[in-house]
Amino acid sequence: MSPDVIRANLVVSLKSFYREKSAVFFTIAFPIILILVFGTIFMNQDNVSLDLHVQDLDQTTSSAQLLKTLELDGRFKIATVDPAVSATQYARDNKLNLVLVIPMGYQKALLQRLGLVGGVPSAAFRNSNASVTVTYIYDASSSSVSPKMQTLQSALGAVNQGMSGEPPFIRSADISILARKFRFIEFFVPGIIAMSVMTSSLSGAVNMNAELRQKGVIRKLSTTPITHGDWVLSNILYQVILAVISATAILLVSYAVFNVSLRIDVWLPTFIVLEVFAFAGIGMILTRVAKEAESAMAAANAIMYPMMFLSGSFFPLEMMPGFLQKIARILPLYYGNEGLRSAMVLADNMAALRCSAIIGVFATVVFVVGIMTTTWEEGK
Amino acid sequence: MTKDSEPAIDVEHLTKRYDDLLAVDDVSFTVRLGELFAFVGPNGAGKTTTVEIIDTIRTPTSGTVRLLGMDVTKRKRDILPRIGVLPQGFTSFDRITVTETIQYYSRLFSCRNTDIEGLIELVNLEDKSKELFQNLSGGLKQRLGIAVALVNDPEVVFLDEPTTGLDPRARREVWEVMVDLKKKGKTVFLTTHYMEEAELLADTVAIISKGQVVAMGSPEELIQGNAKCLVLTLKSADERALEIVRAVGFEPVQDDHKNITVNVEHPSDVRKILNALTDAEASFLTLDLRKPSLEAVFLELTGEALRQGSAETV
């Protein structure tokens, strides 16, 4: 290993990088754009209120009070629908996924249930079987209608419970496993860092082995004293530098724009280095299988993009079907995501250690296979 | 073995096979220290494969190659600092400049005292020193490749098709570089498909065809030993000249410019043709009589080799 040679390669690689605008964009700006977009979309996820259109056919103080109750706890933002129109047609015309219809006779039934006559309780007038049926007019094809209906059901359940006059039998208490409350963006950032390292390392390895070989640069380099080991090591160092630059930019933007609070310690560089080795190794193996630069890059994309979506970089694994979750758990990026989240968000060193061990073993195997299967010599 | 007697390159029974393709077929030759050795042949003859085995880019299937007394398959690490290579179709990193390219390669050789400006001047790239590699024309890239091949002040320089793609003026500049290298005592191994280049520059020429060396010697030896004819050219000849020359027993060839070329074996044949033209009052602008070129030798040799039924190699 020659430090001068490695340094010379690093200088050339870094100069080539910053002189290619598209490389700078995809390495640094693209993950930042993802952070800004997803961070903005999910910025108020904890405090989000659902739009609810309501057609009050009863038009009484009681039905108005129900609407006020639904609005009061902040879960719903109520918009009223003209009682004269067809609620179903209205929902279709305005592309609404849910309209709540309060039937005529709501107040009458309520007074009977409470046994109130002229505002005065009357046992003779009380009917404990009096009830109303509200109607949900909903769009089954909408993916967000189900949680909205569940939230509405829960709110109406609370009203029913309150009316019963009895205290609830089962109460609930929340105890978070986290030291404090975290936002979606704080779970998202580690995934973006892991994804960014993957794309940079895998693409870089394909370029190093396939594209430069196809152009003839490797042929000329093989007539100089640079060894295959020097070449690989300098490219690994280059990828680590790029990954650190990218991660730094992601974290700075996240701090500046969203005021994230993440733990930065030795685990971050550890996972960066492990991921660089892992995905550079995959890249080297790919270029052995697909020798042309274009086909090697296509193969790299075919691996990267599914892995990004299946590994939990963008959304939680729990949203996926069971069989996909099982697939995710054999992907190296999954352990990169989980490891970084354990370290940066949950402060769980044991989980970070477990994930780093898994990626470490994977990286060692693929990197060694990659080195053994790539050759410095033409025509083999 | 003294320095004077030790060859720079010694190739013995070199063979390179790729599956069914025999690219180099039992080639043997020696290159003396300090000479300019030209390896000529058409595209696909095996020139580049041979030179890439000698300069350690490829490994042979069989045979031995010794470069500066060292086996190229066993002593690559010792050989590389002493040679310079311009591969065919030289390329480098697209987004570094001419100066940065030379600096980079000099660092690969751990050369701290490389005269980068001198090399840039040698290949006439002073006004392009800050240009990115990707913005250079093919010819300028080739010239940069020559400069890169010289960063470590090598003892043996391999130039694989160095003037391909260059304009005539640039070609001559490269020729001057090669002559200059030879004057400095370097051994130059040149591969080219330009016969006139080999004829002009080389001390020794080896002609390769279909993976085999068909002839080797100095240009003069090859021409005198293999081309049996003189070439008579009549420029802007009369329309009747073609038939007249044919009538006295020769096979002339006419080009689009009305120039007639005839191969003659003796000077007396020239007199016979001129007398016939004079008698018929057929005119021509000028007359030219030359010895055949290396290209004519190549055509002669490879044509004979095929007719003699040498092994089909491709």
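Proteins come first, then strands; the chains are lettered A, B, ... in the order of their sequence lines, and each starts at number 1.
Contact of B/Q88 with chain A is made through backbone and side chain together, with heavy-atom distances under 4.5 Å. Heavy atoms of B/F158 lying under 4.5 Å from chain A are absent altogether. Contact annotation for B/L132: only side-chain heavy atoms (C-beta onward) come within less than 4.5 Å of a heavy atom of chain A. A/D230 does not touch chain B: none of its heavy atoms, backbone or side chain, sits under 4.5 Å away. Using a 4.5 Å cut-off between heavy atoms, B/S106 does not touch chain A at all. B/R107 touches chain A through backbone and side chain together, each having a heavy atom under 4.5 Å away.
Seen from the ring of A/Y18, B/R95 does not count as a face-on cation partner, given the 6.0 Å and 45° thresholds.
Considering only heavy atoms from C-beta on, A/D4 comes within 4.5 Å of B/R112 through its side chain. Side-chain contact between A/I359 and A/P332 is absent, with no heavy-atom pair separated by less than 4.5 Å. With a 4.5 Å cut-off on side-chain heavy atoms, B/V31 and B/D10 do not count as touching.
Although no hydrogens or angles enter the test, the distance criterion places a donor-acceptor pair under 3.5 Å between the side chain of B/E35 and the main chain of B/R32.
When each of B/T91, B/V151, B/D94 is scored by its heavy-atom pairs under 4.5 Å with chain A, the top score falls to B/T91. Taking chain B as the reference chain and counting heavy-atom pairs below 4.5 Å, the highest number among A/S16, A/A8, A/G216 is found for A/S16.
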Test ring-ring contact (aromatic ring centres under 6.0 Å, His included) on B/F93 and B/Y104; report intermediate values, then the result.
CA-CA 10 Å; B/F93 301 95; B/Y104 170 68; 5.4 Å; yes

